[in-house]
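Below you'll find the structure, written out as structure tokens, and then a few comments.
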Amino acid sequence: MNAIQRIWDDNNTIGGKCAQMGELLGLTGPVKEAVLMAAFYDESYAHNLLVCRRDSEMLMFLLANPPAMHAHKPQTEEKKTTELIGKLSSAVWRWAKTGFSTVDEAMLDKRLQSCMTCPNLAGKPESLLYKALSGNNEDPICRICGCVVSKKTRLTSENCPDPHPQMPGVSRWEEAF
Ligand code: SF4
């Protein structure tokens, strides 16, 4: 575990994670929360950040212009939204460590098939954050981890959180824990 990973694991605040994302990109300060979240939900944006991290002019432009998420957080949903952001920022870090890589089509199909037949699949909750993040009101979520499955299934760094009901040691995606 290197120094950045250790600080990240020790510091579970959103601000800390934004700081670590800043370090990952070679910045002297933290990225904005909007940048952290946009990197998770927009693969092109994440790849562009990584590719441009040594081109300061381009990087500054990208950091100043994260894709719009249209998220407004009402008071009643504040706690739930904060928890979701916490989970997602951890996922961003795991994903960043893989170089923002995504799975191939065959693996994506297999994962999606597992999710679509899974008893833990649920319709999306009436949350403005979910609406903003998925951009698709029909997009279902996983009841266990709270992730939008069409997003989570694409990331190399992610795994299904539920043990496979027939196959010991692997998830419902048939991937080792
Ligand atoms: S991630 Fe796993 S538990 Fe969640 S819906 Fe997909 S298969 Fe089911």
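Counting starts at 1 for both ligands and their atoms, following the listed order.
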Least distance between heavy atoms, [X] atom then [Y] atom:
X: Leu112; Y: Ser150; result: CD2-CA, 4.4 Å
X: Glu175; Y: Asn159; result: O-ND2, 3.4 Å
X: Val35; Y: Leu63; result: CG2-O, 3.5 Å

Note the single closest protein heavy atom to [atom], along with its residue, its atom name and the distance in Å.
atom: atom 2 (Fe) of ligand 1; answer: Cys160 SG, 2.3 Å
atom: atom 4 (Fe) of ligand 1; answer: Cys142 SG, 2.3 Å
atom: atom 6 (Fe) of ligand 1; answer: Cys115 SG, 2.4 Å
atom: atom 3 (S) of ligand 1; answer: Asn120 ND2, 3.4 Å

Can Arg111 and Glu158 be counted as an ion pair, charged N to O under 4.0 angstrom?
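Result for this pair is no, no salt bridge flagged.
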
Rounded to the nearest 0.5 Å, what separation is found between the CZ atom of Arg172 and the CG atom of Leu121?
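Nearest 0.5 Å value for the CZ-CG distance: 11.0 Å.
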
I need the atoms of ligand 1 closer than 4.0 Å to a non-hydrogen atom of Asp162, numbered in the order shown.
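What qualifies from ligand 1 is 3 (S).
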
Cys118 near atom 8 (Fe) of ligand 1 via N/O/S, less than 2.8 Å
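Checking Cys118: at least one N, O or S atom is under 2.8 Å.
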
